[in-house]
Structures are given as C-alpha cells and as structure tokens.
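As structure tokens, the structure follows; a few thoughts come after it.
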Amino acid sequence: DRYIFLAYNRNMRLRNVTIRRAWQWLLRIVLSAACIAMLAFIFSNSLKTGEQSSQQSSTVVKVVQDVASVVAPNSAVAKATGEAYERLHTWVRMVAHFFEFAFFGGLLLWCIASYTWREAGLWCALGGVCLVPMIDESLQYFVAGRGAEFFDVCTDVAGGICGILFALVVLLFIVGAQDKRQSKRRRKQEALSARNA
C-alpha cells in the first residue's frame with residue numbers, strides 16, 4: 001500500500017508539473033503578444049499627424065464633457081470653452097499619456113516576470129519604460145504638425161513606473177498566496193506520509 005501511495009504521489013506531481021509548464025508557456029505567449037500590441041499602439045499614435053492626434057484627443061475631451069454634463073452639469077469641465085477648454089484638452093492628453101504608459105509598464109513587468117523572477121527583470125522593465133517614451137517622442141520629430149516634448153517624456157516615464165509598481169504589488173500578492181497554499185499542501189502530504197509509514 002505504501003509503494004502504491006508513493007507511486008501515485010509521484011505521478012500526480014509529474015502531471016502537475018506538466019500542467020504548470022503548459023500554463024506558464026501560454027502565459028508567456030499571451031503577455032509577450034500583449035506587450036508587442038501595446039508597443040504598436042503607442043508608436044502608431046506617435047506616427048499620427050498633428051491634426052489627426054488633435055482630432056483624437058478632442059473626441060476624448062467631448063466624451064469627458066458629456067459625462068461631466070450628466071454627473072455635474074454646472075462644473076467647470078462640463079462648461080469649458082476657450083482657454084478653459086484648451087487647459088482641459090492638455091490635461092486629458094496628459095492623463096491619456098500617463099495611463100497608456102502605466103498599462104504598458106505593468107504589462108512589461110508581468111511579461112518579464114513570466115520568464116524570470118529575478119531582480120534583473122525589474123531593472124529591465126524600468127529601462128523599458130524609460131527608453132520607449134524617448135523613442136516615442138523622437139518619432140514625432142518626423143511627423144507633420146508634431147514635436148517632441150520633455151514634459152511628455154516625464155509624464156510617460158512616471159506612468160510607466162506607477163504601472164510597474166502596481167504590477168509588482170499584484171505579483172507579490174500572488175506569490176505570497178501561492179506560498180501559503182504550497183506550505184499547506186506540504187503539511188497535508190507530510191501528515192499523510194507519516195500516517196502511511
């Protein structure tokens with residue numbers, strides 16, 4: 001009985017390792033594809049002309065104003081015109097830049113962590129969220145009606161770092177939960193082994 005129990009445990013462990021590896025590779029593929037798609041989205045926005053970019057952000061500002069007119073009809077956002085509208089337009093663009101790169105930073109860290117769980121991975125992610133905004137802004141030099149702005153680079157980098165920090169907290173929470181589950185399973189197996197000995 002003891003040998004049957006040990007053989008069964010060994011087979012179950014091998015099966016679990018195989019399933020875990022399959023999930024790991026699936027996760028790597030999905031996260032890598034998501035990072036590439038996000039980079040394509042970021043760079044495609046940079047390659048839009050000044051007029052196209054302005055139209056895109058004006059559409060977002062209209063949505064913001066429509067929501068504000070329902071939630072707070074008398075607010076400065078809902079009634080913004082002239083200079084106030086231009087300030088709102090600038091803020092909307094800045095917030096969009098921030099969250100775009102926050103999303104990219106989080107994805108990048110998760111992608112790197114799916115390959116390696118080392119400190120170097122964190123430094124690679126930080127390097128990525130510093131390098132991509134510089135490339136992004138540099139591309140705008142070659143597009144009609146666009147230009148590179150240092151403030152945009154700072155906003156993008158700040159967003160990327162916040163995204164990395166959020167992703168890191170989520171990862172640490174997941175790893176902590178897995179460690180608890182594994183230690184509970186280990187204690188249960190040790191109790192079963194001691195009972196069957």
Do [X] side-chain atoms and [Y] backbone N/O form a donor-acceptor pair below 3.5 Å?
| X | Y | value |
| --- | --- | --- |
| Ser53 | Thr49 | no |
| Ser32 | Ile29 | no |
| Thr116 | Ile112 | no |
| Gln65 | Ala80 | yes |

Between atom [atom1] of [X] and atom [atom2] of [Y], what is the distance when rounded to the nearest 0.5 Å?
| X | Y | atom1 | atom2 | result |
| --- | --- | --- | --- | --- |
| Ser44 | Lys48 | OG | NZ | 5.5 Å |
| Cys111 | Leu27 | SG | CG | 8.5 Å |
| Ile161 | Asp156 | CD1 | CG | 11.0 Å |
| Gln55 | Ser58 | CD | OG | 7.5 Å |
| Leu39 | Leu107 | CG | CG | 9.5 Å |
| Glu149 | Thr155 | CD | OG1 | 9.5 Å |

Connected-component partners of Tyr115 among ILVMFWY, side-chain separation under 4.5 Å: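 Besides Tyr115, the hydrophobic cluster comprises nothing; the residue is isolated.
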Shortest non-hydrogen contact between [X] and [Y], atoms and distance:
| X | Y | answer |
| --- | --- | --- |
| Val77 | Ala68 | CG1-CB, 3.8 Å |
| Asp152 | Glu137 | CB-OE2, 3.4 Å |
| Pro133 | Gly128 | CD-O, 4.1 Å |

Are there more than 12 heavy atoms of other residues, nucleotides or ligands under 6.0 Å from atom CD of Gln24?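 Atom CD in Gln24 is crowded, with more than 12 foreign heavy atoms closer than 6.0 Å.
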Please check if atom CZ in Phe43 has more than 12 non-hydrogen atoms from other residues, nucleotides or ligands closer than 6.0 Å.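 Check passes, neighbour count above 12.
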Pi-cation contact, Trp23 with Arg20 (under 6.0 Å, within 45°):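 No, cation not above the ring by the 6.0 Å, 45° rule.
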With under 30° as parallel and over 60° as perpendicular, where do the rings of Phe101 and His97 fit, or are they tilted in between?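 Ring orientation, 0 to 90° scale: parallel.
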With a cut-off of 3.5 Å and sequence neighbours excluded, list every side-chain donor-acceptor pair involving residues 162-175.
none

Examine the side chains of Arg28 and Ser114 and answer whether a donor and an acceptor come within less than 3.5 Å of each other.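 Side-chain D/A pair, Arg28 to Ser114: absent.
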How would you list, by chain and number, every residue that makes a salt bridge (Lys or Arg N to Asp or Glu O under 4.0 Å) with Lys62, sequence neighbours excluded?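 Scan of Lys62 (salt bridge (Lys or Arg N to Asp or Glu O under 4.0 Å), adjacent residues dropped) gives Asp66.
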Check: Glu100 and Asn45 side chains under 4.5 Å, non-hydrogen atoms: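 Answer yes - side chains close enough.
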Going by heavy atoms in the side chains, are Tyr141 and Arg146 under 4.5 Å from each other?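 Side chain of Tyr141 against side chain of Arg146, heavy atoms only: no contact under 4.5 Å found.
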Are [Y] and [X] co-members of a hydrophobic cluster defined by side-chain heavy atoms under 4.5 Å apart?
| X | Y | answer |
| --- | --- | --- |
| Phe104 | Ile135 | yes |
| Val63 | Leu88 | no |
| Phe103 | Leu131 | yes |
| Phe98 | Leu108 | no |
| Met94 | Val61 | no |

Evaluate the side-chain contact (heavy atoms from CB on, under 4.5 Å) criterion for residues Val60 and Arg93: first the C-alpha distance (whole Å), next the side-chain angles of each, then the deciding distance (0.1 Å), finally the verdict. CA-CA 9 Å; Val60 177; Arg93 286 180 74 91; over 6 Å; no
